[in-house]
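Everything on this sheet refers to the single structure shown next.
Counting convention: from 1, in listed order, for ligands and their atoms alike.
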Amino acid sequence: MSTEKEIRKAAEILSNAKNVAASCGAGVSAESGIATFRDPGGVWEKLNPAEVGTASGLVNALNQNAARFIPFFIELLEAFEQAEPNPAHTALGELEKMGILKTVITQNIDNLHLEAGNTDVIEVHGNGFRLACLSCANTDTCERKELIASVKERLRNLSEYSLSTLSTLLPQCSRCGKITRPDVVMFGEMVKDIPRAFDVAKKADAMLAIGTSGVVYPAAYLPFEAKGAGAPVIVVNPNENPFARISDAYIPLNAGEAMPQILDAVKALRK
Ligand code: APR
């Protein structure tokens with residue numbers, strides 16, 4: 001069926017819904033200049049997830065040769081600093097304002113859904129701009145660009161790169177003054193708020209699955225949970241993915257292209 005028809009089908013589903021959930025992955029932020037993980041040129045092409053994907057692996061790798069990671073680290077900081085919510089993020093924000101979308105469940109740590117105006121965002125892999133204290137478990141929420149600017153400044157002032165010098169790049173805990181780390185989920189660590197994410201998926205009256213390869217669990221279960229509970233599933237992804245076979249509407253476009261078109265079609269139906 002033509003993409004145009006699929007967009008209309010998606011709009012019909014959404015315009016009749018009022019408790020929609022959106023399950024989002026790295027593809028949603030690709031057009032904000034943040035690389036995905038498994039696409040050509042992605043993060044896992046530059047770094048070996050088996051080596052640095054776990055906390056202990058990353059600590060070992062930095063202990064052995066921290067300098068090796070600095071170029072990639074600077075590239076990452078630049079990408080997260082210059083990123084802005086793109087039309088996919090803003091369309092999701094508008095769908096919430098229209099009373100259609102209730103909850104965004106994201107695997108992204110970039111804070112862009114919140115910056116785009118969504119108010120109920122379940123960040124199952126954490127948030128790169130919230131700092132977790134390694135001693136007292138307190139968390140401090142930072143402003144994205146301010147935090148990156150201070151990390152870049154401290155990085156410039158480092159005379160040598162090692163695990164101990166790199167651990168001074170982040171602000172210390174505001175409660176106990178000890179070392180912090182980004183409050184993100186590394187492989188092998190507990191994902192966040194997953195019971196609520198599953199509950200939202202099961203209760204949704206429609207599910208959007210946008211920009212995710214569907215290979216990382218438990219997040220990859222969510223569209224299937226919604227489908228199993230009777231909700232229609234709308235998939236937005238320019239590439240094949242496991243959700244295509246359960247989709248009620250499949251839009252093989254970039255999210256920044258597809259979501260504004262879907263939003264406009266919903267508005268047209270609601271006129
Ligand atoms: N718009 C929509 N989808 C896109 C776009 C785009 N502009 N560009 C790429 N995609 C799709 C790709 O086709 C792919 O299916 O986004 C998906 C990105 O897949 P991954 O890189 O595997 O990202 P994601 O599914 O979010 O990965 C899940 O894996 O490495 C871990 O913790 C990391 O949260 C991450 C998790």
Side-chain angles (χ1 to χ4, degrees), residues 3 6-7 10 21-55 57-58 72 76 79-80 83-92 104-113 116 121-130 181-194 197 201 207-224 233-247 249-263:
T3 300
E6 294 292 307
I7 288 173
S23 183
C24 299
V28 175
S29 295
E31 292 152 272
S32 296
I34 299 175
T36 65
F37 293 87
R38 295 171 184 82
D39 290 303
V43 174
W44 297 142
E45 236 179 47
K46 296 181 180 152
L47 295 177
N48 174 358
E51 183 192 11
V52 297
T54 62
L58 181 60
F72 175 80
L76 200 71
F80 276 97
E84 299 294 345
N86 67 55
H89 296 107
T90 42
L92 290 169
V104 170
I105 306 165
T106 188
Q107 296 169 76
N108 303 342
I109 63 165
D110 54 37
N111 205 53
L112 295 179
H113 290 294
V121 179
I122 303 178
E123 299 168 308
V124 291
H125 293 164
N127 185 310
F129 307 101
R130 189 175 52 239
R181 59 164 271 183
D183 192 18
V184 298
V185 176
M186 306 284 283
F187 286 126
E189 294 181 335
M190 282 283 287
V191 291
K192 296 178 183 293
D193 302 335
I194 213 64
M207 168 69 88
L208 284 153
I210 316 173
T212 178
S213 58
V215 299
V216 174
Y217 291 82
Y221 286 123
L222 296 166
F224 293 101
V233 173
I234 299 164
V235 177
V236 176
N237 194 321
N239 302 308
E240 260 307 307
N241 63 85
F243 308 124
R245 64 183 174 80
I246 60 164
S247 64
Y250 187 85
I251 295 101
L253 295 176
N254 286 342
E257 233 180 299
M259 292 310 298
Q261 292 184 49
I262 294 172
L263 179 66

**OP:** Only counting residues at least two apart or in another chain, list the ones meeting side chain to side chain contact (heavy atoms under 4.5 Å, CB included) with D39.
**Re:** T36, N239

Original post:
Shortest non-hydrogen contact from P260 to P87?
Top reply: CG-CB, 3.6 Å

**OP:** List for me each residue that meets side chain to side chain contact (heavy atoms under 4.5 Å, CB included) alongside N241, sequence neighbours excluded, and say none if there are none.
**Re:** V235, N237, F243, Y250

Original post:
Can you check whether I34's main-chain N or O pairs, donor with acceptor, with S32's side chain at less than 3.5 Å?
Top reply: no

**OP:** Ignoring hydrogens and angles, state whether a donor on the side chain of N111 or N127 is under 3.5 Å from an acceptor on the partner side chain.
**Re:** yes

Original post:
What residues come within 4.0 Å of ligand 1, counting heavy atoms only?
Top reply: G25, A26, G27, A30, E31, T36, F37, R38, D39, W44, Q107, H125, F187, G211, T212, S213, V216, N237, P238, N239, N254, A255

Subject >> Summary of salt bridge (Lys or Arg N to Asp or Glu O under 4.0 Å) pairs that have at least one residue in residues 40-54, sequence neighbours excluded >> reply: K46-E75, E51-R68

